[in-house]
Amino acid sequence: NLGNEQNKRFINFKNKIELKNLDFKYPNNKQNGIFNINLTINKGDIVGVIGKSGSGKTTLLNNISNLLKFDSGEIIIDEFTILPEQNYLIKNLSYIRQDIYLLSDTIENNILFGQKKTEDSKYKIQEKLIQVGLNKYKDNLNMEIGHKGSKISGGENQLLGLARALYRKPNIIFLDEPTSNLDYQTQKRYLDMLKNLNITIMIIAHRIEALNICNKILLMSDGKIIDQGNLEYFKKKYSNFEKYIN
């Protein structure tokens with residue numbers, strides 16, 4: 001059984017991810033899914049994914065990260081070819097969802113999130129809190145954040161999720177609408193920070209500001225990539241471009 005944990009292939013992403021004729025259908029809904037996806041993601045790309053609700057944006061990211069197992073086609077990560085029946089994990093990928101899962105625990109434990117504490121963990125956690133703009137918590141790592149982060153703001157939840165992701169030193173980050181709870185100024189800082197990380201990023205965008213940092217944008221509809229280019233290309237081609245960002 002290639003799908004069990006013992007046979008899982010652990011891959012470190014370095015340079016390129018290619019999707020070839022990728023298909024996935026939800027078992028109880030033959031219409032929803034992704035269909036005939038061909039895509040290359042190069043090291044350092046910041047890829048924005050846009051489209052109306054239900055167009056397949058999150059499904060695409062979930063298939064690349066193996067949260068969902070594609071039905072046909074192949075995913076090539078550097079020199080490794082993944083077929084539908086194979087199980088794998090991209091070890092240096094961090095995935096930040098819109099609804100970040102937070103422990104009813106301390107700032108420190110929410111960033112460690114199951115990782116082993118080491119002698120320099122405290123310093124590294126403080127460094128990441130400063131990096132994401134949560135300086136006020138760097139000397140209060142034992143602060144309890146409450147159920148689902150109820151003792152901190154929604155925007156701080158998002159920033160804490162980013163600090164957790166960066167603590168793992170990823171080479172690639174997936175983000176599903178990361179700025180939904182951020183005010184304009186915090187959103188700008190967040191996006192500038194992402195751009196300056198110099199790592200590969202895929203970002204599902206519901207705000208046009210997020211596309212400013214992307215060098216490649218994918219427009220999805222009915223589970224297919226129907227167009228791609230940079231922001232200037234989309235603004236010239238589509239007079240009502242904003243309607244696809246929701």
Side-chain angles (χ1 to χ4, degrees), residues 5 8-20 22 37-49 57-70 74-83 86-98 100-101 110-118 120-121 123-134 158-179 189-205 210-218 228 230:
E5 189 71 22
K8 182 179 283 187
R9 175 180 278 177
F10 294 91
I11 301 170
N12 275 311
F13 163 77
K14 294 177 182 174
N15 294 306
K16 185 163 67 170
I17 296 175
E18 290 181 89
L19 312 184
K20 294 189 175 181
L22 208 70
I37 300 291
N38 290 279
L39 173 66
T40 299
I41 304 161
N42 292 306
K43 178 182 179 181
D45 275 347
I46 302 181
V47 182
V49 188
K57 304 182 295 293
T58 300
T59 301
L60 174 62
L61 268 62
N62 287 347
N63 271 269
I64 299 172
S65 59
N66 199 36
L67 291 174
L68 294 172
K69 199 165 286 298
F70 59 98
E74 58 187 33
I75 298 177
I76 304 168
I77 303 171
D78 295 324
E79 69 270 29
F80 297 104
T81 298
I82 308 295
L83 300 174
Q86 292 176 308
N87 199 8
Y88 69 96
L89 176 71
I90 304 175
K91 290 175 68 176
N92 53 355
L93 182 148
S94 284
Y95 196 151
I96 305 175
R97 298 173 174 280
Q98 185 172 357
I100 292 170
Y101 179 76
N110 269 283
I111 292 181
L112 287 172
F113 202 64
Q115 291 212 334
K116 190 175 179 182
K117 191 173 180 179
T118 60
D120 60 349
S121 288
Y123 167 75
K124 288 181 179 178
I125 290 170
Q126 289 176 321
E127 182 182 56
K128 297 310 170 190
L129 288 172
I130 292 167
Q131 186 176 358
V132 303
L134 292 176
Q158 299 284 100
L159 295 170
L160 190 60
L162 180 59
R164 174 196 290 168
L166 295 179
Y167 183 80
R168 285 154 176 73
K169 296 183 179 177
N171 281 355
I172 180 168
I173 296 180
F174 286 177
L175 304 109
D176 192 344
E177 186 34 58
T179 63
R189 281 203 318 272
Y190 189 105
L191 293 170
D192 287 344
M193 188 190 326
L194 290 178
K195 186 175 183 180
N196 292 327
L197 289 174
N198 295 318
I199 61 176
T200 309
I201 294 170
M202 284 193 79
I203 179 170
I204 295 175
L211 300 177
N212 288 324
I213 68 169
C214 300
N215 67 301
K216 182 187 293 184
I217 299 167
L218 313 176
Q228 58 182 294
N230 60 23

Could you tell me whether a side-chain N or O of [X] sits under 3.5 Å from a main-chain N or O of [Y], the two making a donor and an acceptor?
X      : Y      : answer
Asn230 : Asn215 : no
Asn171 : Asn92  : no
Asn42  : Lys16  : no
Glu177 : Thr179 : yes

Is any side-chain heavy atom of [X] closer than 4.5 Å to a side-chain heavy atom of [Y]?
X      : Y      : result
Leu19  : Leu60  : yes
Ile90  : Asn66  : no
Phe13  : Pro170 : no
Lys69  : Asn87  : yes
Phe174 : Leu93  : yes
Leu160 : Ile111 : yes
Pro178 : Leu162 : no
Lys20  : Asn38  : yes

### Message
Is it the case that atom CZ in Phe80 sees more than 12 heavy atoms from other parts of the structure closer than 6.0 Å?
### Response
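For Phe80, atom CZ is crowded (more than 12 foreign heavy atoms under 6.0 Å).
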Under 3.5 Å, which donor-acceptor pairs do the side chains of residues 189-204 form with other protein atoms, sequence neighbours left out?
unit_1, atom_1, unit_2, atom_2, d
Asp192, OD2, Lys188, NZ, 3.1
Asn196, ND2, Asp192, O, 3.1
Thr200, OG1, Gly44, N, 2.8

Under the salt bridge (Lys or Arg N to Asp or Glu O under 4.0 Å) test, which residues partner [X], sequence neighbours left out?
X      : result
Asp45  : Lys216
Lys128 : none
Lys117 : Glu108

#### Entry: Counterpart residues, side-chain hydrogen bond (donor to acceptor under 3.5 Å, both in side chains), relative to Tyr88 (two or more places apart)
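Once residues adjacent in sequence are excluded, Tyr88 has no partner under the side-chain hydrogen bond (donor to acceptor under 3.5 Å, both in side chains) criterion.
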### Task
Output, in order, the C-alpha distance, side-chain angles, deciding distance and verdict of side-chain hydrogen bond (donor to acceptor under 3.5 Å, both in side chains) for Asn62 and Tyr95.
CA-CA 9 Å; Asn62 287 347; Tyr95 196 151; 2.8 Å; yes
### Task
Rounded to the nearest 0.5 Å, what's the gap from CG on Leu166 to CD1 on Ile96? Could you check?
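Leu166 atom CG to Ile96 atom CD1 measures 6.5 Å (nearest 0.5 Å).
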### Task
Using the test ring pair (Phe, Tyr, Trp, His ring centres under 6.0 Å), find all partners of Phe70 that sit at least two apart in sequence or belong to another chain.
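Once residues adjacent in sequence are excluded, Phe70 has no partner under the ring pair (Phe, Tyr, Trp, His ring centres under 6.0 Å) criterion.
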